[in-house]
Amino acid sequence: MTPFRQRVLLSVRRVPAGRVATYGDIAALAGAPRASRAVGNILRECADPATPCHRIVGAGGALGGFGRNLQLKRELLRAEGIEVGLSRIRGFEAVRWRTRRSAR
DNA sequence: GCATTGACTAGGG
DNA sequence: GCCCTAGCCAATG
């Protein structure tokens with residue numbers, strides 16, 4: 001478990017239910033605004049049950065990925081009150097989790 | 001230490 | 001709105 005990875009997972013846990021954050025947001029909270037890609041690699045494992053990795057989406061509301069369970073990701077988000085289109089979050093800006101530091 | 005990979009992003013066609 | 005390209009980063013072999 002590398003320090004960066006811990007910061008990323010920690011940041012993901014800070015996202016409240018019913019809200020979503022982008023890989024870039026998480027990267028920024030973890031201290032590396034440009035490491036959105038690396039964040040994806042870390043979430044790819046998604047081994048920690050305490051980490052709501054399904055709340056992390058791509059910029060602009062793109063679903064992103066979820067391994068072989070992208071379908072599940074949509075259901076989880078939908079269950080939290082987030083409307084998901086074919087490949088996008090509906091009302092993304094409205095449900096996007098924002099804080100002083102996550103705002104670019 | 002270099003090369004490859006991937007749940008990314010912004011910009012252009 | 002979709003496809004491609006070029007940067008960017010951490011993890012892995």
Side-chain angles (χ1 to χ4, degrees):
Chain A
M1 186 66 85
T2 70
F4 178 72
R5 203 168 134 183
Q6 287 183 46
R7 287 196 295 277
V8 170
L9 295 178
L10 207 54
S11 301
V12 174
R13 289 189 211 117
R14 294 172 53 184
V15 182
R19 292 291 182 84
V20 297
T22 69
Y23 296 92
D25 289 338
I26 298 303
L29 290 172
R34 305 295 177 204
S36 54
R37 218 167 179 170
V39 170
N41 276 321
I42 294 171
L43 295 190
R44 180 170 74 70
E45 305 180 12
C46 202
D48 191 341
T51 305
C53 25
H54 60 277
R55 290 183 199 142
I56 310 306
V57 300
L63 271 181
F66 206 78
R68 309 193 276 308
N69 304 352
L70 183 56
Q71 188 67 27
L72 174 62
K73 182 172 183 176
R74 285 200 285 202
E75 290 176 35
L76 289 170
L77 291 173
R78 185 75 184 77
E80 294 184 350
I82 297 172
E83 298 177 56
V84 185
L86 292 175
S87 299
R88 292 201 160 208
I89 303 288
R90 287 200 262 174
F92 171 60
E93 290 302 328
V95 297
R96 184 176 182 180
W97 179 57
R98 286 184 182 267
T99 63
R100 245 190 327 93
R101 298 197 306 179
S102 67
R104 306 193 191 179

Using the salt bridge (Lys or Arg N to Asp or Glu O under 4.0 Å) rule, take A/E75 and A/R78 through it: C-alpha gap first, then chi angles, then the decisive distance, then the call. CA-CA 5 Å; A/E75 290 176 35; A/R78 185 75 184 77; over 6 Å; no
Strictly under 3.5 Å: I want the nitrogen or oxygen pairs between protein and nucleotides 10-12 of chain B, one per line.
residue: B/dA10; atom: OP1; partner: A/R104; partner atom: NH1; Å: 2.5
residue: B/dA10; atom: OP1; partner: A/R104; partner atom: NH2; Å: 3.4

Find the distance [X]:[atom1] to [N]:[atom2] and express it as a whole number of Å.
X     : N     : atom1 : atom2 : value
A/F92 : B/dC8 : CZ    : P     : 14 Å
A/R88 : B/dT9 : CZ    : P     : 11 Å
A/R74 : B/dA7 : CZ    : C1'   : 15 Å
A/L70 : B/dC8 : CG    : P     : 11 Å

Which heavy atom in [X] sits nearest to a heavy atom in [Y], and how many Å separate them?
X     : Y     : value
A/R19 : A/V95 : CD-O, 2.9 Å
A/R14 : A/W97 : O-CZ2, 3.6 Å
A/A35 : A/A27 : C-CB, 3.7 Å

Taking only distance into account, with no hydrogens and no angle test, what donor-acceptor pairs under 3.5 Å do side-chain atoms of residues 4-13 of chain A form with protein atoms, sequence neighbours excluded?
residue: A/R5; atom: NH2; partner: A/E45; partner atom: OE1; Å: 3.0
residue: A/R7; atom: NE; partner: A/A30; partner atom: O; Å: 2.7
residue: A/S11; atom: OG; partner: A/R7; partner atom: O; Å: 2.7
residue: A/R13; atom: NH2; partner: A/D48; partner atom: OD2; Å: 2.9

List every contact pair, protein side and nucleotides 9-13 of chain C side both N or O, where the distance is under 3.5 Å.
residue: C/dA11; atom: OP1; partner: A/T2; partner atom: OG1; Å: 2.4

Decide yes or no on side chain to side chain contact (heavy atoms under 4.5 Å, CB included) for A/T22 and A/R96, but give the supporting numbers first. CA-CA 8 Å; A/T22 69; A/R96 184 176 182 180; 3.9 Å; yes
Quick check: is A/L29 connected to A/I42 through a chain of hydrophobic side chains (ILVMFWY, heavy atoms under 4.5 Å apart)? yes
Identify each donor-acceptor pair in which a side-chain atom of residues 54-64 of chain A lies under 3.5 Å from a protein atom, sequence neighbours left out, and give them as a table.
residue: A/H54; atom: NE2; partner: A/E80; partner atom: OE2; Å: 3.1
residue: A/R55; atom: NE; partner: A/E80; partner atom: OE1; Å: 3.0
residue: A/R55; atom: NE; partner: A/E80; partner atom: OE2; Å: 3.2
residue: A/R55; atom: NH1; partner: A/V15; partner atom: O; Å: 2.8
residue: A/R55; atom: NH2; partner: A/E80; partner atom: OE2; Å: 3.0

Check whether any side-chain heavy atom of A/R44 lies under 4.5 Å from a side-chain heavy atom of A/N41, and answer yes or no. yes
Tell me which residues in residues 15-31 of chain A lie within less than 4.0 Å of DNA chain B, going by non-hydrogen atoms. A/T22, A/Y23, A/G24
Using the disulfide bond (SG atoms under 2.5 Å apart) rule, collect all pairs that involve residues 63-104 of chain A, keeping only residues at least two apart or in two chains. none
